[in-house]
Colleague: 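Here you go, one structure.
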Amino acid sequence: MAFTMDKFRIDGKVALVTGAIYGIGFEIASALSEAGAKIVFNSLNQESVDQALQSYQEAGIEAKGYVFDVTDEQAVQAAVAQIKEEVGPIDILVNNAGIIKRVPMVEMSAEDFRQVVDVDLNGPFIVSKAVIPDMIQNGGGKIINICSMMSELGRETVSAYAAAKGGLKMLTKNIASEYGEYNIQCNGIGPGYIATPQTAPLREKQADGSRHPFDQFIIGKTPAARWGNPEDLAGSAVFLASEASNFVNGHILYVDGGILAYIGKQP
């Protein structure tokens with residue numbers, strides 16, 4: 001069959017984007033909606049769900065929000081069943097929900113380490129496990145795990161995050177290996193440094209007009225010489241959610257402006 005641009009359409013597909021209340025998750029959900037998907041998202045409390053619903057409404061996007069914790073297997077199973085009844089079985093899952101705690105390893109408690117791994121690695125396992133049976137029954141599906149450059153690289157103060165995101169990379173490959181025969185594609189997106197409200201303080205100009213030291217560091221390490229924007233992730237998400245990627249499986253697509261390809265400038 002000849003290729004057509006319709007392969008990038010996901011009209012009528014139900015897409016669950018976990019934690020898509022702002023930032024990267026919201027942008028990915030918006031892109032999937034533009035490509036035709038029905039958007040479902042979650043958060044930990046009703047207040048944040050309501051705030052996000054207002055943001056979706058202002059953006060002209062019809063979305064449904066649910067309150068559940070991705071680390072609570074029973075709650076996830078119940079929510080997936082509710083989504084199936086109210087919206088439809090989940091065709092596309094984007095495991096976006098995540099946390100980071102920046103603490104030097106020797107100062108980090110085992111409890112905090114476990115919490116990061118629980119949200120960033122166990123969460124995607126639990127939610128993927130909940131949606132895969134319906135994907136098998138319905139003849140296929142798409143799972144997109146939001147990985148990180150820390151799936152490949154280490155850095156000071158992010159031992160738990162790097163361990164979790166490295167594990168998520170391998171979970172991605174294993175889901176692809178285990179369920180590819182059922183026409184389920186599981187891939188990852190590894191964002192680079194993205195300009196969001198959360199990173200805004202790192203990009204503020206200093207009193208003398210110079211760049212923030214971390215901003216200088218990122219610009220110097222990125223061949224594109226800029227931070228990414230959330231919308232830079234949109235095309236990758238639509239591709240991996242659509243039939244255009246039906247023979248792409250177990251792949252991590254790094255959207256990082258070239259950081260992982262670059263050794264850096266000589267001092």
Side-chain angles (χ1 to χ4, degrees), residues 10 13-35 37-73 75-80 82-83 86-88 90-102 115-116 118-128 130-131 142-148 161 164-165 168 188-202 227-234 236-238 240-241 255:
I10 48 177
K13 300 291 186 181
V14 177
L16 168 59
V17 187
T18 64
I21 57 175
Y22 55 75
I24 288 172
F26 183 87
E27 193 65 40
I28 288 174
S30 299
L32 297 181
S33 174
E34 180 69 23
K38 300 175 183 177
I39 300 302
V40 178
F41 68 95
N42 82 298
S43 189
L44 291 172
N45 57 68
Q46 190 63 50
E47 182 182 5
S48 59
V49 165
D50 290 342
Q51 289 174 347
L53 285 172
Q54 184 175 345
S55 298
Y56 281 107
Q57 186 176 10
E58 290 170 356
I61 297 168
E62 187 174 337
K64 291 205 71 171
Y66 294 81
V67 177
F68 65 88
D69 183 341
V70 296
T71 69
D72 183 335
E73 185 169 9
V76 168
Q77 292 282 352
V80 167
Q82 185 180 359
I83 292 165
E86 295 179 355
V87 186
I90 294 164
D91 303 293
I92 301 160
L93 167 63
V94 182
N95 282 310
N96 167 74
I99 62 171
I100 187 169
K101 295 192 176 188
R102 295 181 175 88
Q115 185 186 13
V116 174
D118 203 20
V119 175
D120 294 358
L121 181 55
N122 289 342
F125 163 77
I126 289 169
V127 185
S128 297
V131 304
K142 303 284 186 174
I143 298 174
I144 303 171
N145 291 326
I146 303 304
C147 296
S148 167
Y161 185 80
K165 292 298 187 178
L168 186 57
I189 294 176
Y193 285 89
I194 306 297
T196 65
Q198 288 69 40
T199 60
L202 299 173
W227 289 65
N229 296 309
E231 55 265 32
D232 287 322
L233 302 166
S236 302
V238 170
L240 292 177
V255 185

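Numbers for residues simply follow the sequence, beginning at 1.
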Colleague: For the residue pair F26 and Y56, is the inter-centroid distance of their aromatic rings smaller than 6.0 Å?
Modeller: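 Yes, the ring centres sit under 6.0 Å apart.
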
Colleague: Nearest 0.5 Å, what's the CD1-CD1 distance between I143 and I90?
Modeller: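 Here the interatomic distance stands at 10.0 Å.
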
Colleague: Out of the candidates E58, Q51, Q57, only one should pair with Q54 under the side-chain hydrogen bond (donor to acceptor under 3.5 Å, both in side chains) rule; please name it.
Modeller: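 Single pass found, and it is E58.
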
Colleague: Checking K165 side chain against I146 main chain: does a donor-acceptor pair fall under 3.5 Å?
Modeller: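 Flag set: sc K165 to bb I146 pair under 3.5 Å.
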
Colleague: Is there a side-chain contact between V116 and I100, using heavy atoms and a 4.5 Å cut-off?
Modeller: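 Side-chain contact under 4.5 Å: no.
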
Colleague: Looking just at side-chain N and O atoms, do D50 and Q46 make a donor-acceptor pair shorter than 3.5 Å?
Modeller: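 Short answer, yes.
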
Colleague: Shortest non-hydrogen contact from P230 to T196?
Modeller: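 Residues P230 and T196, closest heavy atoms: CG-CG2, 4.2 Å.
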
Colleague: Between L53 and A63, which heavy-atom pair has the shortest distance, and what is it?
Modeller: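 Looking at all heavy atoms of both residues, the shortest contact is CD2-O, 3.5 Å.
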
Colleague: Supply the atom-to-atom distance S55 OG to I61 CD1, rounded to the nearest 0.5 angstrom.
Modeller: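 These two atoms lie 9.5 Å from each other.
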
Colleague: Count the heavy atoms belonging to other residues, nucleotides or ligands that lie under 6.0 Å from CD of E231, then report whether that count exceeds 12.
Modeller: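 Result for CD/E231: enclosed.
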
Colleague: Do N42 and V67 make a side-chain contact, defined as non-hydrogen atoms from C-beta onward lying under 4.5 Å apart?
Modeller: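 The answer is no; the side chains never approach within 4.5 Å.
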
Colleague: Mind checking whether V14 and I92 have side chains closer than 4.5 Å, heavy atoms only?
Modeller: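 Side-chain contact under 4.5 Å: no.
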
Colleague: If you measure from the Lys or Arg side-chain nitrogens to the Asp or Glu carboxylate oxygens, is any gap between K38 and E62 under 4.0 Å?
Modeller: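 Salt bridge flag = no for E62 with K38.
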
Colleague: Evaluate the side-chain proximity of I144 to I28: yes if any heavy-atom separation is below 4.5 Å, no if none is.
Modeller: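 They are not in side-chain contact.
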
Colleague: Quick check: does any side chain N or O of N122 sit under 3.5 Å from a backbone N or O of T71, one acting as donor and the other as acceptor?
Modeller: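 Judged by distance alone, no pair lies under 3.5 Å.
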
Colleague: With rounding to the nearest 0.5 Å, note down the distance linking CG in N95 to CG in L16.
Modeller: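 Nearest 0.5 Å value for the CG-CG distance: 8.0 Å.
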
Colleague: When you measure from the side chain of S128 to the backbone N and O of F125, does any donor-acceptor pair fall under 3.5 Å?
Modeller: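 No, the answer is negative, given that no donor and acceptor are paired below the 3.5 Å cut-off.
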
Colleague: Starting from the C-alpha separation in whole Å, work towards a yes-or-no answer on side chain to side chain contact (heavy atoms under 4.5 Å, CB included) for V87 and K64.
Modeller: CA-CA 9 Å; V87 186; K64 291 205 71 171; 3.7 Å; yes

Colleague: Is there a donor-acceptor contact under 3.5 Å from the side chain of N96 to the main chain of T18?
Modeller: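 Yes; judged by distance alone, with no hydrogens or angles, the pair exists.
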
Colleague: Between T199 and I194 (side chain of the first, backbone of the second, donor and acceptor by atom type, cut-off under 3.5 Å), is there such a pair?
Modeller: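 Yes, the answer is positive, given that a donor and an acceptor are paired below the 3.5 Å cut-off.
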
Colleague: Would you find a donor on one side and an acceptor on the other, under 3.5 Å apart, between the side chain of N145 and the backbone of G188?
Modeller: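 No, N145 side chain to G188 backbone: no donor-acceptor pair under 3.5 Å.
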
Colleague: Where is the tightest heavy-atom contact between G98 and V119, given as atom of each residue plus distance?
Modeller: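 Answer, listing the atom of G98 first, then V119: CA-CG1, 3.8 Å.
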
Colleague: What is the distance from atom CD of Q115 to atom NZ of K101, rounded to the nearest 0.5 Å?
Modeller: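 These two atoms lie 3.5 Å from each other.
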
Colleague: What heavy-atom pair brings A195 and W227 nearest, and what distance separates the two atoms?
Modeller: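 Between these two residues, the closest heavy atoms are N-CE3, 4.0 Å.
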
Colleague: Taking it one step at a time, do V70 and I126 satisfy side chain to side chain contact (heavy atoms under 4.5 Å, CB included)?
Modeller: CA-CA 7 Å; V70 296; I126 289 169; over 6 Å; no

Colleague: Do E27 and Y22 pair up side chain to side chain, a donor and an acceptor below 3.5 Å, judged on atom types alone?
Modeller: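 Absent: no donor and acceptor within the cut-off.
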
Colleague: Does N229 use its side chain to pair, donor to acceptor, with the backbone of D232 at less than 3.5 Å?
Modeller: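 No; zero donor-acceptor contacts below 3.5 Å.
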
Colleague: Please assess Y161 against I99 for the test side chain to side chain contact (heavy atoms under 4.5 Å, CB included), listing each intermediate value before the final yes or no.
Modeller: CA-CA 8 Å; Y161 185 80; I99 62 171; over 6 Å; no

Colleague: Say whether, by atom type as modelled, one donor and one acceptor occur between the side chain of D120 and the main chain of A164 under 3.5 angstrom.
Modeller: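 Not a single qualifying donor-acceptor pair exists.
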
Colleague: Please evaluate residues L233 and S236 with respect to the criterion side chain to side chain contact (heavy atoms under 4.5 Å, CB included), reporting the C-alpha separation (whole Å), side-chain torsions for both, the decisive distance (0.1 Å), and the verdict.
Modeller: CA-CA 6 Å; L233 302 166; S236 302; 5.6 Å; no

Colleague: Please give me the minimum heavy-atom distance between V49 and S43, naming the atom from each residue.
Modeller: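 Distance-wise, the nearest heavy atoms are CG2-CB, 3.8 Å.
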
Colleague: Check A31 against A234 and note the closest heavy-atom contact, atom names and distance.
Modeller: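 Smallest interatomic distance, heavy atoms only, reads CB-CB, 3.5 Å.
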
